[in-house]
Protein chains: 2
Amino acid sequence: MSLACETCAVRESAACSVLDHDEREALSKAGRTRELTRGEVLFAAGDEDAACATLVTGALKVCSYDEDGNERILALIHPSGFIGEMFAPFAAHDVVALTKSTLCVFAKADMQRALDDHPKLTRALLRRSQEDLYWARQLLALGSGRSATEQVGTFLLALAQAASDSPCHPSQRFELPLTRGEMASMLGLTIETVSRAMTTLEKQGAIRRHGARGIELVDPARLEGSV
Amino acid sequence: MSLACETCAVRESAACSVLDHDEREALSKAGRTRELTRGEVLFAAGDEDAACATLVTGALKVCSYDEDGNERILALIHPSGFIGEMFAPFAAHDVVALTKSTLCVFAKADMQRALDDHPKLTRALLRRSQEDLYWARQLLALGSGRSATEQVGTFLLALAQAASDSPCHPSQRFELPLTRGEMASMLGLTIETVSRAMTTLEKQGAIRRHGARGIELVDPARLEGSV
DNA sequence: CGACGCCTTGACTCAGGTCAAATAACGTGG
DNA sequence: CCACGTTATTTGACCTGAGTCAAGGCGTCG
């Protein structure tokens, strides 16, 4: 199936947005769309010749598992994000859908060719990769020094940011794309600790909860520096 | 000062190794070498127009600080590693020398131009960036589930790997490039905990210590799965 | 020799993990 | 729409691993 770039939700923001119309048209012939439902695995760690993909709608998680099978989430992918190591012989981590998602998938070899043909594209991916690196390091820094409640607070703020379409304002009310367990495994905490942290934040008046997933930011400033 | 690419220690492995002789010669005109001693700051977080650099000899750390001024090390840079966000308006983190180091430094604008001129170079940096991302995520995964002793053990193994010149065998005996405090801040632990973990590992017969920094791997297998 | 910085060790504390149970949200089929 | 089973979330009680505080050892450099 060919791709409908014209109606693509991330036409303006994905890596391929740096291509002009004809180039993009050519690239789209090599790709195909794919839909995933929550929990479906896009790539599994160790896959040889895993493909590459741009996320169009939905959300993905990148995760690894320790020897007891406990999941650790290493990154979230939001729309217009790119996944796939073009240079490694096999995938390093699992990539799994958090919600119903739409992707634009390319075989590794086709992507390699596209990189050769379009330096602009390579450059765009380099930029994206450096941003991913930045976020991975932010997540690393988040773990340090702070109490569990602070970590959860900061993380909620980051999710609010991501949930918002406007670039720098967090959305004031949003639905968590993650279960408690997933939040816990991003922060290296337990489900219970995350749950308690949310209760604490609500008692402090920093947030209000609406059902299990709905979050309203009441006092965002307090999220950064609490307890 | 111009660069002596001919005698460069990382001539074969750094990003610029993908350039042919003339291209490299041209690039070297834009760069200059710089020497750092332990503790010297290469870039500080927030620097506008921070440059880019390839590490030739020595070792660097990438770090951030929490509001109490505690350092958190986010990454180590080894020879032939590349540092510098070409696309961000300012540096995200501090980069500091761990040991006497030699670098090959380029102004951001010159590097941008080089990327435009040499798609090969962009590609090489993309590859490197993806590797950095992989290592950042490995460090993230290391924190999860494991006891302090396991973390230190795994980390020592990684350092042994890095200290070795051969690609896949850890060096059997090496000197730690990091103080206890720096190890602690990479793992999100305290100095005391790291020290106790090393004592435990030695008691278990996994390692032997030679002075404060010398490490001999006695039973590497035990480092991965201990206590 | 003395001072300073780094490392180790011990005693004590506490944040967060573990175990267990109650409650709330959700989906499914009748 | 409701009853029910399933899964996610919250809460409580208790325990432990790692942090904190404090002291002492070891090297190194001036």
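Since the model is a prediction, treat every value here as computed from it, not as a measurement. Every chain is numbered from 1 and lettered A, B, ... according to where its sequence line falls, protein lines coming before strand lines.
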Is any side-chain heavy atom of A:Arg38 closer than 4.5 Å to a side-chain heavy atom of A:Lys100? no
In whole angstrom, give the distance that lies between atom CE of A:Met198 and atom P of C:dA24. 17 Å
Would you call A:Asp94 and A:Tyr65 a side-chain contact if the rule is heavy atoms closer than 4.5 Å? yes
Give B:Thr179 one of three labels, base, sugar-phosphate or nothing, depending on what nucleic acid heavy atoms sit under 4.0 Å from its own. sugar-phosphate
If you define the side chain from C-beta out and look only at heavy atoms, does anything of B:Glu192 sit under 4.5 Å from B:Arg196? yes
Would you say that A:Leu187 contacts A:Thr193 through its side chain, given a criterion of any heavy-atom pair below 4.5 Å between the two side chains? no
Between C:dT9 (P) and B:Leu201 (CG): distance, integer Å: 13 Å
Salt-bridged, B:Glu85 to A:Arg137, with N to O below 4.0 Å? no
Measure CG/B:Leu98 against P/C:dC6 and give the value in whole Å, please. 13 Å
I need the residues from residues 64-72 of chain B with at least one non-hydrogen atom less than 4.0 Å from DNA chain D; give them sorted by number, or say none. none
Using whole Å, what does the distance between atom C1' of nucleotide C:dG16 and atom CZ of A:Arg180 come to? 17 Å
Within a 6.0 Å radius of atom CD on A:Glu48, are there more than 12 heavy atoms belonging to other residues, nucleotides or ligands? no
What protein N or O atoms touch nucleotides 25-28 of chain C N or O atoms at under 3.5 angstrom, if any, and at what distances?
none

In whole angstroms, how far is the C1' atom of D:dG17 from the CZ atom of B:Arg146? 16 Å
Pairwise side-chain contact, B:Leu139 with B:Met186, heavy-atom cut-off 4.5 Å (strictly under): yes
With the sugar-phosphate defined as primed atoms, P, OP1 and OP2, and the base as all remaining atoms, what B/S/- string results for nucleotides 19-30 of chain D, 5' to 3', for protein heavy atoms under 4.0 Å? SBB---------
Rounded to whole Å, NE2 of A:His210 lies from P of C:dA24 at a distance of 18 Å
Minimum heavy-atom separation for A:Thr37 to A:Ala97, with atom names? O-CB, 3.6 Å
Flag if over 12 foreign heavy atoms under 6.0 Å of CZ, A:Phe90: no
Take the protein atom CG of B:Leu187 and the nucleotide atom P of D:dG17, then report the distance between them rounded to whole Å. 18 Å
Short side-chain N/O contact from A:Arg209 to OP1 or OP2 of D:dT10, under 4.0 Å: yes
Return the value, rounded to whole Å, for the distance between atom CD1 of A:Ile191 and atom P of D:dT7. 14 Å
So, is A:Ser195 near the phosphate of D:dT11, with a side-chain N or O under 4.0 Å from OP1 or OP2? no
Report yes if the side chains of A:Arg128 and A:Ser80 come closer than 4.5 Å at any heavy-atom pair, otherwise no. yes
Got B:Thr200 and B:Gln204 here, is their nearest side-chain heavy-atom distance under 4.5 Å? yes
